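Since this is a predicted model, take the numbers as computed values, not measurements. Throughout, a chain's letter reflects where its sequence line sits, starting with A, and its residues are numbered from 1.
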2 protein chains.
Amino acid sequence: MKKDIKIPQATTKRLPLYYRFLQNFANAGKQRVSSQELSEAMKIDSATIRRDFSYFGALGKKGYGYDVNYLLDFFRQILDQDEGANVALIGVGNLGNALLKYNFQKNHNTRIVVAFDTKAPMEGHEINGIPVYHPDRLEEMYQKYNVELAILTVSSRSAQMIANRLAAINAKGILNFTPVRLNVPDTMKVMNIDLAVELEALIYLIRNSD
Amino acid sequence: MKKDIKIPQATTKRLPLYYRFLQNFANAGKQRVSSQELSEAMKIDSATIRRDFSYFGALGKKGYGYDVNYLLDFFRQILDQDEGANVALIGVGNLGNALLKYNFQKNHNTRIVVAFDTKAPMEGHEINGIPVYHPDRLEEMYQKYNVELAILTVSSRSAQMIANRLAAINAKGILNFTPVRLNVPDTMKVMNIDLAVELEALIYLIRNSD
């Protein structure tokens, strides 16, 4: 991969999808695939796919398409899929509880290893086999469980305060389910999933299509 | 708004966010705001904000910025925020159950009015005040509750089948939480929220930042 090229966030978000669909093609015994076939399977237009792939160098051949296994190796390397990541979940309310039970593990080794909730006892208890501690022990347990990133499902009013504490211990990333736009240092990556915003955007699309 | 211009989906997704942050500025008593101020509050770079706004015509004045109330009226109209929408939730598992309890209603009248689950009795029962019916009654209740769009939280293997049934009754939109890429007619809008993909993309960002 060309290390000096900055890949757009929209492309980044599609990388795990490419990986998943290439796995499907490989599992179906396909050895090569065209951008058109990927486009139909993934519901992404083929120009976007070709542009995305171009960020990583010329991976396809005209009239041949892409070699499935080569691409798969390539994306596996890029995504570090084999390595996995330890995830902390902060805030075990309705959504947090659902995510604790959600299977993030299907294709890789990434999983929630520890959770935090204000209602949990200091000594911790288990939900779904995952230890849940009081947030007072956040910093201690973050180190102990070797956490790489946090899923934030706390209330809006606690979100920035938790983000500050994570920044103070050099945490690297937050998957932010709160509607708050977090202030964090540049060294920390934040990905926002705002369910109300997604819903409103869909309503807009429905009402403004021709 | 220029009706002939196709607005990119990335811009569309930011519209509800603009609306929310403009409300914050208005609530704080601000009458005008610069793209820089919006940029700092929203964590979106100001060039993106100016480009987004340009899709809707020249809304700001150089050296003055944007008129908060004018923008607020403008986005309210675009988003039809006053009208609200009736939403159906299909699949009351862990995630579906969390979404039933999630408050989509904060700033508008959009809400889940009916839900469906294979474990619900034919005559229906209530969860959190929301009627839940067996999926056999999907088509009937979709009409009865005047549903505009569906949140899909069923298992992967049921997702396409449910999408087909929704397409058959001319349903307009799906907020798709399953990892399946749905085949739907062009008249139907689909927005995908794939939690595993978001998590993987964040891990990629963390590991590939300089």
[atom1]/[X] to [atom2]/[Y] distance, rounded to the nearest 0.5 angstrom?
X	Y	atom1	atom2	value
B:Ile151	A:Leu199	CD1	CG	5.5 Å
A:Lys189	B:Leu202	NZ	CG	10.0 Å
B:Glu198	A:Thr12	CD	OG1	11.5 Å
A:Thr11	B:Tyr204	OG1	OH	9.0 Å
B:Arg207	A:Glu148	CZ	CD	4.0 Å
A:Glu200	B:Tyr19	CD	OH	9.0 Å

Exercise for the section: Decide salt bridge (charged side-chain N to carboxylate O under 4.0 Å, His left out) for A:Arg20 and B:Asp194; before the verdict, give the C-alpha distance in whole Å, the side-chain angles of both, and the deciding distance to 0.1 Å. Expected result: CA-CA 12 Å; A:Arg20 182 193 300 163; B:Asp194 190 322; 2.9 Å; yes
Problem - Region of A:Ile193 in contact with chain B, defined by heavy-atom distances below 4.5 Å - result: side chain
Problem - Minimum-distance pair of heavy atoms, taken over all atoms of B:Gly173 and A:Ile206 - result: CA-CD1, 3.7 Å
Completion exercise
A:Pro16 and B:Ala201 have their tightest heavy-atom pair at CG-N, 3.8 Å
Completion exercise
From the list A:Leu182, A:Asn97, A:Val87, the residue making the most non-hydrogen contacts under 4.5 Å with chain B is A:Leu182
Fill in the blank from the handout: Ordered numerically, the heavy-atom neighbours of chain B under 4.5 Å found in residues 32-45 of chain A are A:Ala41, A:Met42, A:Lys43
Problem - Portion of B:Leu205 that has a non-hydrogen atom of chain A nearer than 4.5 angstrom - result: both
Handout entry: Exceeds 12 heavy-atom contacts within 6.0 angstrom, atom CD of B:Gln31
Key = no
Exercise for the section: Name the option with the most non-hydrogen atom pairs under 4.5 Å to chain A; the candidates are B:Leu95, B:Val190, B:Asn183. Expected result: B:Asn183
